[in-house]
Amino acid sequence: QVQLVESGGGSVQAGGSLRLSCAASGWSWHSNLVAWFRQPPGKGREAVAAIYTGSGATYYAFGEGRFTIARDNAKDTVYLQMNSLEPEDTALYFCAARASYTYASSAWLDPTTYNYWGQGTQVTVSS
């Protein structure tokens with residue numbers, strides 16, 4: 001049973017930082033794609049960033065420079081470091097994963113291509 005567990009969300013003021021963690025269990029960690037998505041209040045789910053656990057290649061939908069995705073293969077964990085947070089970053093943040101070979105890398109933005117999802121962690125940024 002594959003499980004993804006997010007943590008690290010919370011409430012911060014604008015300009016603050018948070019580091020989200022996504023810990024995986026129940027599968028072979030290498031050769032997978034792990035992504036962060038977010039869902040702002042009243043809006044749809046949008047991609048934030050993704051990383052291949054094998055090569056370490058990263059992709060950003062936006063926020064590169066404020067957001068950094070990284071992985072720790074020894075801990076089967078992917079992180080999303082978020083700096084200079086803005087109220088517009090307020091959302092429920094999810095991590096998602098799939099085997100890296102199932103789709104082309106260009107499909108990383110599409111949430112329907114992921115097999116596994118965590119339960120989400122709330123990030124609230126106040127002005």
Side-chain angles (χ1 to χ4, degrees):
Q1 181 89 16
V2 175
Q3 274 196 314
L4 301 176
V5 179
E6 303 99 332
S7 61
S11 297
V12 296
Q13 290 192 323
S17 297
L18 284 172
R19 187 177 79 158
L20 307 183
S21 299
C22 172
S25 61
W27 70 346
S28 175
W29 177 249
H30 297 288
S31 300
N32 292 299
L33 179 68
V34 179
W36 285 98
F37 286 80
R38 71 183 188 183
Q39 187 161 10
K43 297 185 180 180
R45 196 167 294 190
E46 60 184 9
V48 178
I51 187 167
Y52 281 98
T53 57
S55 67
T58 59
Y59 300 85
Y60 293 90
F62 60 86
E64 191 170 6
R66 293 195 303 123
F67 293 178
T68 303
I69 191 169
R71 93 272 197 218
D72 184 337
N73 288 350
K75 296 182 178 180
D76 289 0
T77 299
V78 167
Y79 303 98
L80 183 68
Q81 178 67 44
M82 305 187 295
N83 299 325
S84 302
L85 284 163
E86 303 167 353
E88 293 73 24
D89 296 316
T90 294
L92 187 60
Y93 284 71
F94 298 89
C95 71
R98 68 167 191 249
S100 61
Y101 53 80
T102 51
Y103 292 92
S105 58
S106 56
W108 80 269
L109 292 161
D110 183 354
T112 67
T113 64
Y114 293 84
N115 303 103
Y116 308 107
W117 290 84
Q119 80 289 350
T121 186
Q122 179 66 39
V123 171
T124 302
V125 185
S126 58
S127 57

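Predicted model, so just to flag it, every value in this text is computed and none were measured.
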Between Asp72 and Thr77, does any side-chain donor sit less than 3.5 Å from a side-chain acceptor? no
Between OH of Tyr93 and CD of Gln122, what distance do you get to the nearest 0.5 Å? 9.0 Å
At their closest point, which heavy atom of Pro111 faces which heavy atom of Leu109, and how far apart are they? CD-O, 3.3 Å
Rounded distance (nearest 0.5 Å) linking atom OG of Ser126 with atom CG of Leu85: 10.5 Å
Got a sec, which residues hit salt bridge (charged side-chain N to carboxylate O under 4.0 Å, His left out) with Arg38, two or more places apart in sequence or on another chain? Glu46, Asp89
Rounded distance (nearest 0.5 Å) linking atom OG of Ser21 with atom NZ of Lys75: 9.0 Å
Can you measure from CD (Glu86) to OG (Ser127) and round to the nearest 0.5 angstrom? 11.5 Å
Validation row: Leu18, Val12 side chains within 4.5 angstrom (heavy atoms): yes
Please evaluate residues Leu33 and Thr53 with respect to the criterion side-chain contact (heavy atoms from CB on, under 4.5 Å), reporting the C-alpha separation (whole Å), side-chain torsions for both, the decisive distance (0.1 Å), and the verdict. CA-CA 6 Å; Leu33 179 68; Thr53 57; over 6 Å; no
Taking all non-hydrogen atoms of both residues, which atom of Asp110 and which atom of Phe37 are closest, and how far apart? C-CZ, 4.3 Å
Arg19 charged N/C atom sitting above Tyr79 aromatic ring, 6.0 Å / 45°: yes
Between Tyr60 and Trp108, what is the shortest heavy-atom contact and its length? C-CZ2, 3.7 Å
Please find the pair of heavy atoms, one from Ser17 and one from Ser84, that lie closest to each other, and give the distance. OG-N, 4.3 Å
Is there a continuous path of hydrophobic side-chain contacts, each under 4.5 Å between heavy atoms, that joins Phe62 to Trp36? yes
What heavy-atom pair brings Thr113 and Ala107 nearest, and what distance separates the two atoms? OG1-O, 3.5 Å
Around Gln3, counting heavy atoms of other residues, nucleotides and ligands shown, do more than 12 lie under 6.0 Å from its CD? no
Are the side chain of Glu6 and the backbone N or O of Gly120 linked by a donor-acceptor pair below 3.5 Å? yes
Under a 4.5 Å cut-off applied to non-hydrogen side-chain atoms, are Thr90 and Glu88 in contact? no
Side chains of Val123 and Leu20, heavy atoms from C-beta outward: is any pair under 4.5 Å? yes
Would you give the length of the straight line joining atom OH of Tyr114 to atom OG1 of Thr102, rounded to the nearest 0.5 angstrom? 9.0 Å
Is there side-chain contact between Met82 and Thr68, with heavy atoms separated by less than 4.5 Å? no
Which atom pair, heavy atoms only, marks the closest approach of Ala97 to Val34? CB-CG2, 4.1 Å
Side chain to side chain donor-acceptor pair (under 3.5 Å) with Thr58: which residues, sequence neighbours excluded? none
Check whether any side-chain heavy atom of Tyr103 lies under 4.5 Å from a side-chain heavy atom of Arg98, and answer yes or no. yes
First locate atom OG of Ser25, then atom CG of Leu4, and finally report the distance between them rounded to the nearest 0.5 Å. 7.5 Å
Can you check whether Gly9's main-chain N or O pairs, donor with acceptor, with Thr121's side chain at less than 3.5 Å? yes
side-chain contact (heavy atoms from CB on, under 4.5 Å) assessment of Ser105 paired with Tyr52: CA-CA 9 Å; Ser105 58; Tyr52 281 98; 3.2 Å; yes
How are the rings of Trp117 and Phe94 set relative to one another: parallel (under 30°), tilted (30 to 60°) or perpendicular (over 60°)? perpendicular
